[in-house]
Amino acid sequence: MRKTRLTALIGVGAVAAATALVVPLALPATAQNATGRPDGGPRATYLDATLAGRATLSADYLAEGPASGAAASAANGRQGPWDGQVIPGFSAMLDNGDGTFWAQPDNGFGAKGNSADFLLRSYLVKPEWDNGRRGSGEIKVLDHISYNDANDVLDFPIVNENTADRLLTGADFDIESVVRAADGTLWVGEEFGPFLLHFDADGTLLQDPVEFPGGKSPQHPNLNGATPNVPASRGFEAMAGSADGRYLYPVVEGKLVDDTQARRRWIYQFDLRGGKYTGKRWAYQTDREVNVMGDAFMTGRSKMLLIERDDFQGAESVIKRVYEIDLANTDREGFVRKTLVVDALGIDNPRGIDAGEGYGLGATFSLPVQSFETVLFVDRDTLLIGNDNNYPGNDARVDGTPDDTEMALVDLRRKAVTDDGVTVVGHRGASGYRPEHTLAAYEQAILQCADYIEPDLVSTKDGVLVARHENEISGTTDVAARPEFADRKATKTIDGAPITGWFTEDFTFAELRTLRAKERLPQVRVANTRFDGLYQVPTLDEVLDLARNSRTCDGAPVGVYPETKHPTYFDSIGLSLEEPLVKQLAANGLDHEDAPVIVQSFEVSNLQDLDTMTDVTLAQLISNSGAPYDLKAAGDPRTYADLVKPAGLAGIAGYADGVGVEKTVLIPRDAAGNLTTPSPVIADAHEAGLAVHAWTFRAENQFLPVNLRSSADLTAHGDMDAEIDAYLAAGLDGFFTDHPDKGVAALG
């Protein structure tokens, strides 16, 4: 059952996951069948995304028409009304196949009450792509159509009720998605009903709005006392049309009110031929409870691109992704399987298109806007992505400056998965850049090319495993500032030591979910405090989902390196960690020996138990002092120092695959705090068949050997590269770091 080297896991796991990657139908068929092995067998490949072009429309651009924005909220130095029609980004687009697009804004300024002077339109636009060599990078507005009810179809009053044209406004409908039917007419998904709206090619409404069978929203014009089942502004943000023109697939943006699963979003099927919903629907699971669906585009008979995004912008962004799903393929929990196509927070920009012009514009292109709401294929291997800029409120690129409307071309090419042989672990995520153990920290670690992300696991009162460094959470959440939980403060004995504070096991998961994370080292990592109060405490399931729906910079599946915290203590209060951990691994399809998972612990007996419960890789953690608490509690005299002796390492090899060792055990420091020469631990561990990972490499001077510090400023960054080099030269197989980008750079 035991494997011999942790490093072997990456290559095997990469083949298992990457070869399962679904290729969008529009990609070349040959890309799906590439081989690179001498025997002609399949090699692991992945989709690599590169920025091919970008074009923008000024946020302050005004189209012809009456003044707009009289009731819009002022922001970023802009105050309405504006002398013309604002174009607040594009929520949906149609490709005309000649370099032009019909681009549709939403209802204007975000609500019924402030958008009565915003005319619902679709604009004919032509982007002059800046591809890094030529192109102005401007989006030219050529023409528009105005959506209207000139045929007097609607049975409720509209803003322009008594006019001949009966032009529709943002107080009438919130249009968010559009599909062009085979006959050239337009089907628009909107959010106030939510409705499906059918217009002719010139924008005139052809029939009564089609009601949604799943319920009404609070803004429905004929609510008539019904209890809304669709939250406000969470209707049909996304909608795709089948290639044969038969079906529409509207996607509910958020969770339905009566849904017991907070991460479930529903995809419905509407039959254009029969003019009604078919009764079929499919469940999609978001990466986070608060995530929403941004756009949809069919790539085959049952395959579809979906944008999943959060509501954050700029550096706060966590999820801005394009996934491909297959309606014919569901997982063991009944959700459609999804495969990452593009992480819009990390797209290669080798030509430096618009580098330096704002946040996310550099060697890597990011689309960190709040409302990432457009995706479609423009040719067989090029995606177009774009944004709704929520004018004038969003300023993701430059603080205090309204975001422009953006369109970007992304080339997708198949590349072979590679492995540099050294395992880089994002310690509690990229905790040097975001508050630790948040999905933001884990996503940042993935963007910074970590091979694994590390969640420390503790339990809630009702047995949900969550990611926190300790079960005492006053240093990593805002619990101490929550008066409703003041009475939960307690003093407990954890692993033989008295600890005072607030403990996860005294909170239900629902209660814990109301808390927000904060930076654990605010004096050291001042920049991270800007993210305090933004992010929830994630569950193990969410961390596993994020990892299995991601890939490393080398194309391999992102691994998860969970640590069971205080297992003896949690056993003593009836909240064993091992069983729910194994159950979650199984639920996520990560319960086999080739899964990119390494479970670690400072205790021994729980790893021995796990060795009989799961085939995933196990690692014994080693501190530079003391002893495993379970051994101490059982009267076993062995210490960590004993465990790294040859006999101790041989014993570890009987139940684990590797050791995670505090770095000074591997290369001690002298009395002055400088690195000395390597101890025999790495060589002895390798002799026992164990891989060796070291913890923890941090860039700040106070954590570095004295001779590698850059200055007397203990919070400034020193020469972490040189420190890592010394350990690699000693034969280290991998390492934990709070700064994955610097750790990867140290590998050369």
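The analysis underlying the following values was restricted to heavy atoms, covering all of them including side chains, and did not include hydrogens, waters or symmetry mates.
Thr676 contributes a side-chain N or O that, together with a main-chain N or O of Pro668, makes up a donor-acceptor pair within less than 3.5 Å. Remark: side-chain polar atoms of Arg551 are paired, donor with acceptor, to backbone N or O of Leu47 under 3.5 angstrom. Between the side chain of Glu593 and the backbone N or O of Asp615 there is no donor-acceptor pair closer than 3.5 Å. Formation of a donor-acceptor pair under 3.5 Å by the Asn588 side chain with backbone atoms of Leu585 is not found in this model. Panel note: side chain Arg434, backbone Tyr442; no donor-acceptor pair is recorded below 3.5 Å.
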Next on the checklist: Working note: Ser474 + Glu472, criterion side chain to side chain donor-acceptor pair (under 3.5 Å); need CA distance, chi angles, decisive distance, verdict.
Outcome noted: CA-CA 6 Å; Ser474 62; Glu472 199 291 296; 2.9 Å; yes
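Taking the six-membered ring for Trp, His717 and His739 have ring centres closer than 6.0 Å. Between Tyr569 and Tyr629, the distance separating the two ring centers is not shorter than 6.0 angstrom. Under the 6.0 Å cut-off for aromatic ring centres, Tyr727 and Phe697 qualify, their centroids lying closer than that.
The closest side-chain heavy-atom distance from Leu540 to Leu581 is below 4.5 Å. When side chains are defined from C-beta on, Val659 does not count as touching His693, because their heavy atoms never get closer than 4.5 Å. Residues Leu345 and Leu367 have side chains not in contact (no heavy-atom distance under 4.5 Å, counting atoms from C-beta outward). Under the 4.5 Å side-chain criterion, counting only non-hydrogen atoms from C-beta, Ser710 is in contact with Asn701.
Rounded to the nearest 0.5 angstrom, Arg321 CZ and Thr286 OG1 are separated by 12.0 Å. Atom-to-atom distance recorded for Gln584:CD and Leu544:CG is 6.5 Å, nearest 0.5 angstrom.
A cation-pi arrangement is not found for Arg488 relative to Phe503, the charged atom failing to lie both closer than 6.0 Å to the ring centre and inside a 45° cone about the ring normal. A cation-pi arrangement is absent between Lys320 and Phe372, since the terminal nitrogen or guanidinium carbon is not both under 6.0 Å from the aromatic centre and inside a 45° cone about the axis.
Salt-bridge annotation for Lys663 and Glu723: present, with a side-chain N of the basic residue lying under 4.0 Å from a carboxylate O of the acidic one. A salt bridge links Lys492 and Glu505; the closest N-O separation between the charged side-chain nitrogens and carboxylate oxygens is under 4.0 Å. A salt bridge links Glu289 with Arg513: the distance from a Lys NZ or Arg NE/NH1/NH2 to an Asp or Glu carboxylate oxygen falls below 4.0 Å.
Sorted by first and then second residue, the disulfide (SG to SG under 2.5 Å) pairs with a member in residues 444-479 read Cys449-Cys553; sequence neighbours excluded.
A side-chain contact (heavy atoms from CB on, under 4.5 Å) with Ser601 holds for exactly one of Leu610, Asp630, Leu607; it is Leu607. If you run ring-ring contact (aromatic ring centres under 6.0 Å, His included) between Phe736 and each of Tyr561, Tyr452, Trp695, only Tyr561 comes through.
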